[in-house]
Structures are given as structure tokens and as C-alpha cells.
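Remarks on the structure that follows.
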There are 2 protein chains.
Amino acid sequence: MPASAKRSRLVAAAKALIHRHGYYATTLADIAHAAKVPLGNVYYYFKTKADIAEAAIGDYRRWFTDMLTQLDELPHPEQRIAGFLDIPLVHLTQYASNGCPIGSLCQEFGKSEGALLRRIAAILSDQVMWIAEQFRLLNHADPQADALDFIARLQGSILLAQSLGKKNILAAAIQRLRRDVLK
Amino acid sequence: MPASAKRSRLVAAAKALIHRHGYYATTLADIAHAAKVPLGNVYYYFKTKADIAEAAIGDYRRWFTDMLTQLDELPHPEQRIAGFLDIPLVHLTQYASNGCPIGSLCQEFGKSEGALLRRIAAILSDQVMWIAEQFRLLNHADPQADALDFIARLQGSILLAQSLGKKNILAAAIQRLRRDVLK
DNA sequence: GTCTATACGGCGATAGAC
DNA sequence: GTCTATCGCCGTATAGAC
């Protein structure tokens with residue numbers, strides 16, 4: 001039932017605008033306009049603004065779940081991790097100017113919206129567990145701690161690149177992560 | 001001239017509330033109430049809400065500058081870095097539940113407020129340069145890159161601890177940073 | 001310098017015709 | 001299902017008395 005063209009356009013617009021301007025700064029009018037849907041009609045598909053965010057988060061989660069499942073097809077853990085690092089590399093410019101769509105929402109929702117925080121943070125949690133699994137296969141002494149450090153380095157580097165306005169920082173950090181893991 | 005009791009109270013209230021709830025979610029009425037200053041009177045001290053944020057950022061910058069200057073008195077770079085890591089350790093609970101006051105403002109301002117972003121990001125930049133100087137003294141091959149990685153790990157760990165609701169993540173990350181640097 | 005009252009705009013959400 | 005008009009609230013900012 002969620003497969004309506006308008007609904008999809010609304011969610012897509014919400015994801016793009018929220019990534020660029022943040023959740024609070026994005027208005028329903030902005031989303032409706034970008035999706036070419038009249039403002040009042042938005043409420044036929046979503047009861048509240050938070051519901052749109054939830055749909056956007058669901059989209060992100062499905063996307064990452066699919067991506068990690070695809071990467072699981074690769075034969076070696078090193079290849080899988082390299083594939084994982086390709087994600088921020090492909091979106092380098094976007095991540096460096098708008099931040100990680102997951103990480104920045106965690107920041108925003110971490111301040112107030114408890115229910116939405118748990119949903120968006122679950123994606124980060126998925127990533128940590130997936131990386132930990134690869135590290136376990138690579139015989140790390142403490143795969144969980146190493147995975148947390150890995151994701152922290154990635155998220156922190158995105159923040160630094162965005163804050164200092166230098167996407168090179170992110171590119172170099174990805175390179176460094178790849179080297180440290182695959183050495 | 002900036003040393004008015006009311007003004008100081010307003011800035012202090014702004015810092016605390018913005019750290020807890022973020023800049024956009026914090027209203028001038030909240031700040032005025034917490035500082036026990038009538039709403040209308042706020043505008044005698046600050047022309048706009050952004051001006052209050054600027055004052056808060058100035059406060060943070062002075063605080064960190066003083067702290068780093070104090071740490072410079074310590075004889076060995078290792079001790080200085082250990083002292084630097086004591087900052088998030090002392091504020092562990094607060095950082096784990098509300099994030100880093102600097103990092104989370106960078107996220108928030110990175111989305112829209114360009115002028116304020118540059119000011120708050122300067123603090124991160126200061127930290128990176130200061131850490132890089134210590135690494136240079138410790139004969140690191142690439143002090144700048146190592147410093148960026150160091151701050152990224154710290155910021156990313158704070159984000160993970162806050163998002164996943166486990167302050168242990170931050171405590172462990174600090175321990176790990178200390179061990180990696182001082183070994 | 002201080003404080004009350006209020007203007008003004010924008011946003012989330014609703015009513016109700018079609 | 002779709003869309004226009006609009007309500008009600010809240011947040012920033014101002015006017016102006018004291």
C-alpha cells in the first residue's frame with residue numbers, strides 16, 4: 001500500500017531536503033513543493049511531520065540493509081570492508097558538504113526526539129555489528145571495540161570535513177581506514 | 001563593557017540550553033527564563049538570537065584556548081594529550097547524553113548558518129592544530145593527519161555514545177585513544 | 001537600563017468543497 | 001483521493017511606558 005507515486009516523491013524530497021538543511025529547518029511546505037504535491041495533500045499520506053521522518057528513516061535503513069547484504073556476497077572480509085568504504089567515497093562531495101545523512105540525523109534527534117533517535121541510531125548499530133562481524137572473521141582480538149572505533153573515525157571525519165569545509169579530509173580519512181584495515 | 005551580571009547569566013543559560021536541546025529548539029523565552037531576565041530585556045544585550053549564539057561560541061573558544069594554554073605548561077607532550085583527554089572524561093555523562101557542545105553545534109550550523117559555522121569550527125581547528133603540535137614533538141611522520149584522525153575518533157565516539165545511549169562507548173574510546181598515543 | 005504588551009511572520013495541522 | 005483556504009500556536013523581534 002505504500003507504493004503510491006506521490007508518497008514516494010514526498011519521501012524522496014524529504015530525504016534530500018532533510019539531508020541538506022536538517023529536520024527542523026525543513027518545512028512541510030518545502031517538502032510538498034519539491035515533491036510537486038499541494039501542501040494540504042501531504043496529510044493524506046502522513047499524519048504528522050514526524051511520520052515523514054520515520055518513512056525517510058525506513059528508506060535509509062532498507063537501503064543500508066540491502067547494501068550490506070550485497071556486500072556479504074563478496075568472498076573476503078577485506079573486500080567487504082573496502083566495499084563499505086566505497087559508500088562515503090561515492091558520495092564524497094555530498095557528505096563533505098551536508099554530512100552523513102544518518103550521523104547528522106542522530107545529532108539532531110539526539111537532542112530531543114527520543115523515538116526517532118532510536119530508529120535512526122539502529123542504522124548506525126547495524127553498521128557497527130556488520131563491521132564487527134568482518135573483524136571477527138579477520139581474527140581481531142576485540143572485534144566490537146574495533147568496529148566502534150572504525151565507525152567513529154568515519155563519522156568524525158565526515159564532521160571535520162564538513163565543519164572545516166575540506167572534503168580532502170574525508171577522502172584522506174577513508175584512505176587511511178582502508179590502509180589500516182587492509183594492511 | 002561585556003561584564004554585566006545579566007549578560008553573563010544570559011550567555012551561561014544559552015550555553016547550557018543549547019547544549020541540551022540544540023540551537024533551533026532553544027527559544028529566547030527559554031534562555032530568558034533560565035537566566036531570570038524578562039524576555040524583552042534580552043534585546044538590550046543582544047540584537048538577535050544569532051548574537052547570543054556568537055557570544056556563547058566566544059565563551060567556548062576562550063575556555064578551550066585557556067585550557068590548551070594551561071596544558072602547554074606540562075613538560076611532556078604525552079602528559080599534555082592525556083590532559084586534553086581528561087576534558088571529555090570529566091564531562092563523560094554530559095557528553096554522552098548531549099553530545100560535544102562544539103561538535104553538535106558544528107552539525108547544526110553546518111546545515112545552514114554559514115557565519116556561525118566558521119566561528120564554532122575554528123575551535124575544532126584549534127584543537128587539531130594543538131594536537132598536531134604535540135604529535136610533531138613526538139616525531140610522528142604525519143602529525144597533521146594523525147591529529148585529524150585523533151579528533152575525528154573523539155568526535156565520532158561521542159556521537160556513537162550519545163546515539164546508542166551507552167556512555168561506556170565514550171569511556172572506552174578515550175581509554176583507547178590514550179593507549180594508542182601514549183604507548 | 002528595565003520590563004510589559006504586542007506586532008508580525010511562519011509553521012504544523014485541519015476543514016471542508018470537489 | 002485531491003486541493004484551497006485557513007486556523008491556532010509559537011517564536012523572534014519591537015514599541016514604548018517607566
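By convention in this document, chain letters (A, B, ...) are assigned in the order of the sequence lines, proteins followed by strands, and residues within each chain are numbered from 1.
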For [X] and [N], give me the distance from atom [atom1] to atom [atom2], rounded to whole Å.
| X | N | atom1 | atom2 | result |
| --- | --- | --- | --- | --- |
| A:Y24 | C:dG10 | OH | P | 21 Å |
| B:L28 | D:dT14 | CG | P | 11 Å |
| A:D30 | C:dG10 | CG | C1' | 11 Å |
| A:Y43 | C:dG16 | OH | P | 17 Å |
| B:K36 | C:dC3 | NZ | P | 14 Å |
| B:R7 | C:dT2 | CZ | P | 13 Å |
| A:N41 | C:dC18 | CG | C1' | 13 Å |
| B:L39 | C:dG1 | CG | P | 20 Å |

Nearest heavy atom decides the nucleotide; on that basis, is A:A25 or A:K47 closer to the 5' end of DNA chain C?
A:A25
Any side-chain donor-acceptor pair under 3.5 Å between B:S97 and B:K167?
no
Do A:Y60 and A:T65 get their side chains close enough for a donor-acceptor pair, meaning under 3.5 Å?
no
Using a strict 4.0 Å threshold on nitrogen-to-oxygen distance, state whether A:D146 and B:R176 make a salt bridge.
yes
Hey, does A:Y45 reach any base, or is it just sugar-phosphate, or nothing, if we go heavy atoms under 4.0 Å?
sugar-phosphate
Answer with base, sugar-phosphate or nothing: what part of the nucleic acid does A:F46 contact at a heavy-atom distance below 4.0 Å?
nothing
Report the relative orientation of the aromatic rings in B:F150 and B:F84; use parallel for angles under 30°, tilted for 30 to 60°, perpendicular for over 60°.
tilted
Which label fits B:Y23 and B:F109: parallel for a plane angle under 30°, tilted from 30 to 60°, or perpendicular past 60°?
perpendicular
Is there a side-chain contact between B:Y44 and the phosphate of C:dG1, meaning an N or O under 4.0 Å from OP1 or OP2?
yes
C:dC3 OP1/OP2 closer than 4.0 Å to side-chain N/O of B:K6
yes
Of the candidate nucleotides D:dG11, D:dT4, C:dC3, which contains the atom at the shortest distance from the side chain of A:P38?
D:dT4
